[in-house]
Amino acid sequence: MGYLCWRSGYSDMILTSSFFGLLSEDPDDVRNKVYEIYKAKAYINKYQPQKGENPADANIPLLRLSELYLNAAEAAVKLGNNAKAVEYLDPIVRRANPEKTVKDENITLERVLNERRKELFGEGHRLYDALRNNQTIERKDVKIDAVSSTKHLSMPDEAKKFDWNYYKVVLPIPKFEIDTNPNIAAQQNPGY
């Protein structure tokens with residue numbers, strides 16, 4: 001993962017302009033330190049190697065305490081337990097910016113998902129968070145000078161806005177599986 005994000009590596013993963021705008025809403029949020037702007041692109045600088053190791057060896061954490069807190073906050077919101085949602089979300093918000101808190105707030109699912117988005121960016125959670133919550137993924141063309149070289153809308157129109165109903169959300173049955181068991185060929189997922 002580190003080499004995919006590293007600007008001197010593959011440099012395949014950068015922040016979208018709209019996500020950069022979301023993080024920029026709070027300049028004091030510590031999560032603004034896990035990207036670097038280079039030639040008007042925001043490169044994810046989240047996966048740092050251990051001392052003396054190559055950035056190519058830096059990998060994504062499999063499980064983090066913050067993810068567990070965010071999972072619990074989401075569950076509490078869905079169960080209608082605001083006190084528990086505050087209890088789980090507040091440490092995440094305060095760690096990101098000690099001047100912020102969610103105490104005395106009515107925590108919404110949108111609030112929790114935005115914190116998940118900021119906390120877990122670059123880790124591949126956003127798509128599944130949106131699909132799990134019947135939301136639409138919409139890629140917006142946002143112009144922000146600091147990341148003006150970012151071009152993230154060079155994709156087919158069908159991929160710019162979709163939800164759980166989009167046929168590519170369910171992957172195709174691999175050809176190897178169909179070749180191994182021709183009886184399932186007629187069961188290929190729609191669209192493939």
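Just so you know, residue 1 is the first one in the sequence shown, and it goes up from there. Predicted, not measured: the structure shown is a model, and the values here were computed from it. Note: hydrogens, waters and symmetry copies are ignored here, and every other heavy atom, side chains too, is used.
Side-chain atoms of Asp90 do not come within 3.5 Å of backbone N or O of Thr101 as any donor-acceptor pair. Within the 3.5 Å criterion, the main-chain N or O of Lys39 finds a donor-acceptor partner in the side chain of Ser149.
A 4.5 Å side-chain heavy-atom check between Asn134 and Trp164 finds at least one atom pair inside the cut-off.
Note on Glu115 versus Arg31: salt bridge recorded, some NZ/NE/NH1/NH2 to OD/OE distance being below 4.0 Å. The pair Arg126-Asp129 does not meet the salt-bridge criterion, since no charged nitrogen lies less than 4.0 angstrom from a carboxylate oxygen.
In this structure, Val93 is a member of the same hydrophobic cluster as Leu65, with clusters built from ILVMFWY side-chain heavy atoms closer than 4.5 Å. Grouping the Ile, Leu, Val, Met, Phe, Trp and Tyr side chains by contacts below 4.5 angstrom, directly or via other members, places Val142 apart from Tyr43. At a threshold of 4.5 Å between side-chain heavy atoms, the hydrophobic network of Ile, Leu, Val, Met, Phe, Trp and Tyr places Leu131 and Leu113 in two separate groups.
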Could you give me the CA-CA distance, side-chain angles and deciding distance for Phe121 and Leu23, then say whether side-chain contact (heavy atoms from CB on, under 4.5 Å) is met?
CA-CA 10 Å; Phe121 79 88; Leu23 279 180; 4.2 Å; yes

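In the model, Tyr166 has no side-chain atom that pairs as donor or acceptor with a side-chain atom of Asp163 under 3.5 Å. Arg116 and Asn71 share a donor-acceptor pair across their side chains, judged by distance under 3.5 Å alone.
The distance from the CD atom of Glu36 to the CD1 atom of Ile14 is 12.0 Å, given to the nearest 0.5 Å. Between atom CG of residue Leu70 and atom CG of residue Leu120 there is a gap of 6.0 Å, rounded to the nearest 0.5 Å. Note that the NZ atom of Lys160 and the CZ atom of Arg139 stand 10.5 Å from one another [nearest 0.5 Å].
Residues passing the side chain to side chain contact (heavy atoms under 4.5 Å, CB included) test with Gln188 are Pro172, Ile173, Ile178, Tyr192, sequence neighbours excluded.
Tested against Glu123 for a salt bridge (Lys or Arg N to Asp or Glu O under 4.0 Å), the candidates Lys46, Lys118, Arg117 yield a single pass: Lys46.
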